[in-house]
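The structure appears right after this line, and notes come after that.
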Amino acid sequence: MTQTQSTSNEPSCIFCRILRGEIPSTILRKSERSVIIADLSPQAPFHALVLPRRHAADLGAFMKDAAPGEIDDLFAQALTLIEERGFDRKGYRIVINTGEDGGQTVGHLHLHLLAGRNLGWPPG
Ligand code: 5GP
Ligand code: ZN
């Protein structure tokens, strides 16, 4: 098994447990390197989470060990799903909350995909 195909192995991480199938989730899209699930507590009519299969606590930790093209996959998968659902027509938002001030509550890098209403600015 290559590194890109391996699943995460952080026993206590909620998203690793979802990726291992130990916690149920609504899966919207899968690639070799990532899985997109519906957020349990949606903040917009469409709210999905792009989860890299490789555990990394946040964007900085992810990039430190990223293989070429690894970050691209997260955005490419996100964009494909957004375009499939037609959200590119009216717009959407991709968010990476990081750390305490960034509002991150789960320590496994994830992209929020939000769409389906006017999202407003600035955030919170
Ligand atoms: P953060 O606050 O770290 O940016 O985002 C974590 C997100 O994960 C939140 O939007 C929260 O609703 C979502 N979340 C937390 N636990 C679960 C879960 O067990 N299943 C799913 N599908 N989403 C979850
Ligand atoms: Zn994890």
Side-chain angles (χ1 to χ4, degrees):
M1 187 181 270
T2 66
Q3 194 185 352
T4 54
Q5 286 171 325
S6 68
T7 52
S8 308
N9 60 1
E10 292 288 323
S12 60
C13 171
I14 294 172
F15 289 166
C16 284
R17 295 189 65 198
I18 286 175
L19 290 163
R20 289 196 299 263
E22 295 168 9
I23 296 175
S25 66
T26 301
I27 294 173
L28 305 178
R29 188 173 178 84
K30 283 182 177 180
S31 80
E32 197 178 291
R33 287 172 159 165
S34 64
V35 175
I36 306 183
I37 63 169
D39 197 292
L40 196 61
S41 176
Q43 301 302 309
F46 176 78
H47 186 176
L49 302 171
V50 185
L51 311 181
R53 291 183 189 270
R54 178 168 69 84
H55 177 90
D58 60 19
L59 182 61
F62 185 84
M63 292 309 292
K64 197 166 152 281
D65 297 323
E70 204 176 350
I71 191 82
D72 307 41
D73 168 79
L74 304 181
F75 286 94
Q77 296 301 322
L79 194 57
T80 299
L81 182 61
I82 283 164
E83 289 179 351
E84 274 175 7
R85 303 278 172 118
F87 292 123
D88 55 317
R89 289 198 286 274
K90 283 203 79 179
Y92 58 90
R93 189 170 293 166
I94 297 179
V95 172
I96 301 176
N97 294 328
T98 307
E100 193 181 341
D101 278 1
Q104 183 178 7
T105 59
V106 178
H108 178 130
L109 174 66
H110 50 285
L111 276 55
H112 291 262
L113 313 181
L114 297 148
R117 66 170 171 84
N118 189 301
L119 294 163
W121 191 263

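Fair warning: this is a prediction, and the values are worked out from it, not measured in the lab. Just follow the structure's listing: the first ligand is 1, and inside any ligand the first atom is 1.
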**Prompt:** Of all the non-hydrogen atoms in the protein, which one sits nearest to atom 14 (N) of ligand 1, and at what distance?
**Reply:** Phe15 CE2, 4.3 Å
**Message:** Below the 3.5 angstrom mark, is there an N/O of Asn97, backbone or side chain, next to an N/O of ligand 1?
**Reply:** yes
**Request:** Go through the steps for Leu119 and Trp121 under the test side chain to side chain contact (heavy atoms under 4.5 Å, CB included), then give the verdict.
**Result:** CA-CA 7 Å; Leu119 294 163; Trp121 191 263; over 6 Å; no
**Prompt:** Should Leu49 be counted as touching ligand 1, given the test is an N or O pair under 3.5 Å?
**Reply:** no
**Request:** Among all protein heavy atoms, pick out the one at the shortest distance from atom 16 (N) of ligand 1; state its residue, atom name and that distance to 0.1 Å.
**Result:** Ile14 CG2, 4.2 Å
**Intermediate values then yes/no, side chain to side chain contact (heavy atoms under 4.5 Å, CB included), Asp58 and Leu109** = CA-CA 5 Å; Asp58 60 19; Leu109 174 66; 5.6 Å; no
**Message:** So for His110, does at least one of its heavy atoms come nearer than 4.0 angstrom to any atom of ligand 1?
**Reply:** yes
**Message:** Under 4.0 Å from a heavy atom of Ser41: which atoms of ligand 1 are those, numbered in the order shown and with their elements?
**Reply:** 12 (O)
**Fill in**
For His112, the ligand 1 atoms with a heavy-atom partner under 4.0 Å come out as 1 (P), 4 (O), 5 (O), 7 (C), 10 (O)
**Prompt:** Yes or no on side chain to side chain contact (heavy atoms under 4.5 Å, CB included) for Phe15 and Val35, after CA distance, side-chain angles and deciding distance?
**Reply:** CA-CA 10 Å; Phe15 289 166; Val35 175; over 6 Å; no
**Item:** Identity and separation of the nearest protein heavy atom to atom 12 (O) of ligand 1
**Value:** Asp39 OD1, 2.5 Å
**Prompt:** With a cut-off of 6.0 Å (strictly less than), are more than 12 heavy atoms of other residues, nucleotides or ligands near CD of Glu22?
**Reply:** yes
**Prompt:** Is a side-chain N or O of His112 found less than 3.5 angstrom from the main chain of His110, in a donor-acceptor match?
**Reply:** no
**Asked** Any N/O of Gly103 closer than 3.5 Å to an N/O of ligand 1?
**Response** yes
**Prompt:** Can you tell me if Arg54 uses its side chain to pair, donor with acceptor, with the backbone of Phe62 under 3.5 Å?
**Reply:** yes
**Prompt:** Taking atom CD of Glu70 and atom CD of Glu32, what is their separation to the nearest 0.5 Å?
**Reply:** 10.5 Å
**Request:** Please test Phe87 against Leu114 for side chain to side chain contact (heavy atoms under 4.5 Å, CB included), starting from the C-alpha separation and ending with a verdict.
**Result:** CA-CA 9 Å; Phe87 292 123; Leu114 297 148; over 6 Å; no
**Prompt:** Among the heavy atoms of Ser25, does any lie under 4.0 Å from an atom of ligand 1?
**Reply:** no
**Prompt:** Does any N/O atom on Val106 come nearer than 3.5 Å to any N/O atom on ligand 1?
**Reply:** yes
**Side-chain heavy atoms of Leu59 within contact of Ile71, under 4.5 Å** = yes
**Fill in**
Note: SG(Cys13)-the Zn ion (ligand 2)-SG(Cys16) angle, rounded to 10 degrees, equals 120°
**Prompt:** Backbone or side chain, does any N or O of Gln104 fall under 3.5 Å from an N or O of ligand 1?
**Reply:** no
**Message:** Among Ile27, Ile96, Ile23, Leu40, which one puts a heavy atom closest to atom 18 (C) of ligand 1?
**Reply:** Leu40
**Request:** Report the name of the N/O/S atom of His108 located nearest to the Zn ion (ligand 2).
**Result:** ND1
**Asked** Nearest to the Zn ion (ligand 2), which N, O or S atom of His55 do we find?
**Response** ND1
**Asked** Is the backbone N or O of Arg33 less than 3.5 Å from a side-chain atom of Ser31, with the two atoms forming a donor-acceptor pair by type?
**Response** yes
**Fill in**
heavy-atom search around atom 3 (O) of ligand 1 in the protein gives Thr105 N, 2.7 Å
**Request:** Mind jotting down which residue pairs meet the salt bridge (Lys or Arg N to Asp or Glu O under 4.0 Å) criterion with at least one end in residues 78-88? Sequence neighbours excluded, please.
**Result:** Arg29-Glu84
**Message:** Taking a cutoff of less than 4.0 Å between a non-hydrogen atom of the residue and any ligand atom, is Ile18 in contact with ligand 1?
**Reply:** yes
**Request:** For Ala38, take its heavy atoms, then give the atoms of ligand 1 lying under 4.0 Å from any of them.
**Result:** 22 (N)
**Side-chain heavy-atom pair Pro52, His108 within 4.5 angstrom cut-off** = yes
